[in-house]
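Read the structure below first, then the notes.
Every chain is numbered from 1, with letters handed out A, B, ... down the list of sequences.
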Protein chains: 2
Amino acid sequence: MKSALNPLARSSQNNYYRRLFTDCQHPLKNFDSLAKIESFSRGQEICNAAQSVECWYFLLSGAARRCAIRSDGHRQIVDLLLPGDFFGLAFGEQSDATIESVAGNTVVASYPRRRIEVLADSDPKIARELREIAFKALSRMQTQMLILGRITATEKVGSFILEMAARLSNGDTEAVALPVSRYDIADYLGVSVETVSRALSDLKRRGAIKLLSTRTVSVVHREVLEDRERDLKAIGRWGKLAH
Amino acid sequence: MKSALNPLARSSQNNYYRRLFTDCQHPLKNFDSLAKIESFSRGQEICNAAQSVECWYFLLSGAARRCAIRSDGHRQIVDLLLPGDFFGLAFGEQSDATIESVAGNTVVASYPRRRIEVLADSDPKIARELREIAFKALSRMQTQMLILGRITATEKVGSFILEMAARLSNGDTEAVALPVSRYDIADYLGVSVETVSRALSDLKRRGAIKLLSTRTVSVVHREVLEDRERDLKAIGRWGKLAH
DNA sequence: CGAGTGGTTGAAATCCGTCAAGAATAGTGG
DNA sequence: CCACTATTCTTGACGGATTTCAACCACTCG
């Protein structure tokens, strides 16, 4: 237990998390008893390359980031983990990525990898569920690659907001609470912090979003974030030409 | 069989591919008898979203691209498939990606997804191998995400060349035969065609690579492609300052 | 031969990263 | 609760990098 709380509060907290865990539906439900529940404060390392070989993780609350340091010294966030996500599966051996918590109160259940694998060998249903989990991770990465491939920074930020809306609030775009700082968004999207900030201001000025607080976004015109950045621009040019 | 060859040549070709197949080592080796071997000419669609639910594929020779069309009309290449790669696993249901062959003579083995899954249920070894395949796909995507996150276009192109060298010729950098056009490279790296072309010219001018033909690259100074773009620049600046 | 595709290069406008400064917010200790 | 500090966020200015638009060359295929 890496929490900074005192032992008493810790144990009470732990019980609370355990309840939260048992109430939660997920593919490895039957192994709740094997899982160890840990709580992390903001910025703490959940696991590094060495540990990730031994455990698989399930994120209960908060948020976490999987980081890699590029050779040019820049940090890159390769995956953003939100409640309901599994992680730690992909890297059989290599992968120097470390996983850190980003939100204040990040709770994680960790499963002993070896034991789950042995169980999977004897129960095809579990094996199937593990596959399902891996496929979901693949789908997450593909979504992000589509965002990273987008051309303008405003498009990237727009897609990011919509992704968060979809993953956090099941598509509700009234009030999306971004779980990460601008710096994290920047490293996730492959742009600079200033550009993220500017893109948000830009979207706000154009009335596409409202900033309820610095980290809470309300989507007003989904279309603008969604895609047609370019088309709208073209229409704008047409308008000028017509005039 | 979607090949454009006449029936006679087709069958002879097919036998050749079948031999090529049985000589090849891969995790689903025991199911060669279940696999259907197909050959595709350049630009042909191997499978679309609907079909990918039914089959898993193994690429024997040639190359293929997994594409998604973004809402702004731009195509993006989400994954590049080379000999030895499995594909089609990730997308249980959604994913509007289509897979097209990019090389002239692309040969693919397709496994009936349902039957493999049933077999996996009865044999844990197969289930394990399927997981292995999924993890390999995850690793591929992560590699690309690190490339996409890089800042300058020259770095992206450099990383791309090294990735191709590693995947195609087992790290041999003497003569890397790029299996795709500049347009494909551009859509894969998220930059424009002209930028790819310029980056290659730039690397050539600086003596980091040689272009044996338009699509065959020889790596002369691996360090330049590898990473230190930025460091070298910094040294350059220092040099100026010292001067 | 002409049309089409793929590749390269140039010039202009735009976008973004960097540097720098300020504003807003959170965290800390008194 | 307040001051004080550190962090996070925003905005401006500037230069460099990339996109876009355009022209041109090489090659293939009918």
Side-chain angles (χ1 to χ4, degrees), chain A residues 4 41-43 70 72-76 102-105 148-158 177-205 209 211-217 229-231 233-234 236-237 240, chain B residues 4 41-43 70 72-76 102-104 148-158 178-206 209 211-217 229-230 232-234 236-237 240-241:
Chain A
S41 61
R42 176 201 182 92
R70 284 203 307 264
D72 61 8
H74 273 89
R75 181 187 70 167
Q76 173 152 4
V102 276
N105 192 24
L148 272 175
R150 289 187 162 272
I151 304 176
T152 72
T154 313
E155 286 175 339
K156 290 188 187 181
V157 173
L178 304 179
V180 294
S181 74
R182 302 281 192 267
Y183 288 87
D184 287 330
I185 299 177
D187 289 348
Y188 185 63
L189 299 179
V191 295
S192 70
V193 202
E194 296 93 330
T195 303
V196 173
S197 187
R198 272 188 259 267
L200 285 168
S201 303
D202 190 41
L203 288 171
K204 186 173 115 190
R205 192 175 323 115
I209 61 171
L211 287 175
L212 307 183
S213 79
T214 35
R215 293 208 189 173
T216 314
V217 180
E229 197 63 20
R230 245 139 240 288
D231 299 356
K233 255 200 226 162
R237 276 199 222 108
K240 275 182 200 166
Chain B
S41 60
R42 177 203 182 94
R70 285 203 306 264
D72 62 7
H74 280 227
R75 179 187 70 167
Q76 173 151 3
V102 275
L148 272 175
R150 288 185 162 272
I151 302 177
T152 71
T154 313
E155 285 175 339
K156 291 189 188 181
V157 172
L178 304 178
V180 294
S181 74
R182 302 283 192 266
Y183 288 88
D184 287 329
I185 299 176
D187 289 347
Y188 186 61
L189 299 179
V191 295
S192 68
V193 200
E194 296 92 331
T195 303
V196 173
S197 186
R198 272 188 259 267
L200 284 169
S201 302
D202 190 40
L203 288 171
K204 185 174 115 189
R205 192 174 322 113
R206 282 157 52 192
I209 61 170
L211 286 175
L212 307 185
S213 77
T214 35
R215 292 208 188 173
T216 312
V217 180
E229 197 63 22
R230 237 142 245 286
L232 290 177
K233 256 199 226 159
R237 276 199 222 104
K240 275 182 200 165
L241 291 175

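Checked against D:dT19, D:dT18, C:dG17, the side chain of B:T152 finds its nearest nucleotide in D:dT18.
Listed by chain and number, the residues in a side-chain hydrogen bond (donor to acceptor under 3.5 Å, both in side chains) with B:T214 amount to none (sequence neighbours excluded). Applying the side chain to side chain contact (heavy atoms under 4.5 Å, CB included) criterion to A:T195, with sequence neighbours excluded, gives A:A153, A:V191, A:S192. Taking A:S201 as the reference, A:R205 meet the side chain to side chain contact (heavy atoms under 4.5 Å, CB included) condition, with sequence neighbours excluded.
Considering every non-hydrogen atom in both A:K156 and A:G190, the closest pair reads NZ-O, 4.3 Å. Taking every heavy atom of both residues into account, B:V196 and B:V157 meet most closely at CA-CG2, 4.3 Å. Residues A:E155 and A:I151 approach most closely at OE1-N, 3.4 Å, considering heavy atoms.
We find the CG-OG1 distance between A:D202 and A:T154 to be 5.0 Å, quoted to the nearest 0.5 Å.
Rounded to whole angstrom, the span from the CG atom of B:L203 across to the P atom of D:dA17 amounts to 14 Å. Counting to the nearest Å, the C1' atom of D:dT19 and the CD atom of A:E155 are 12 Å from each other. B:H74 has its NE2 atom 17 Å from the P atom of D:dT18, to the nearest Å. The distance between atom CD1 of A:I151 and atom P of C:dC15, rounded to the nearest whole Å, is 12 Å. Atom NZ in B:K156 sits about 8 Å away from atom P in D:dT19, given to the nearest Å.
The bend of the helix from C:dC1-D:dG30 to C:dG30-D:dC1, defined by the angle between the axes of its first five and last five pairs, stands at 50° to the nearest 10°.
Pairs engaging residues 178-201 of chain A under the salt bridge (charged side-chain N to carboxylate O under 4.0 Å, His left out) rule: A:R65-A:D184, A:R75-A:D184, A:R75-A:D187 [sequence neighbours left out].
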Strictly under 3.5 Å: I want the nitrogen or oxygen pairs between protein and nucleotides 6-13 of chain D, one per line.
| unit_1 | atom_1 | unit_2 | atom_2 | d |
| --- | --- | --- | --- | --- |
| D:dC9 | OP1 | A:R215 | NE | 3.0 |
| D:dC9 | OP1 | A:R215 | NH2 | 3.2 |
| D:dC9 | OP2 | A:R182 | N | 2.8 |
| D:dT10 | OP1 | A:R182 | NH2 | 3.1 |
| D:dT10 | OP2 | A:R182 | NE | 2.6 |
| D:dT10 | OP2 | A:R182 | NH2 | 3.4 |
| D:dT10 | OP2 | A:S197 | OG | 3.0 |
| D:dT10 | O5' | A:S197 | OG | 3.1 |
| D:dT11 | OP2 | A:S201 | OG | 2.3 |
| D:dG12 | N7 | A:R198 | NH1 | 3.0 |
| D:dG12 | O6 | A:R198 | NH2 | 3.4 |
| D:dA13 | N6 | A:R198 | NH2 | 3.3 |

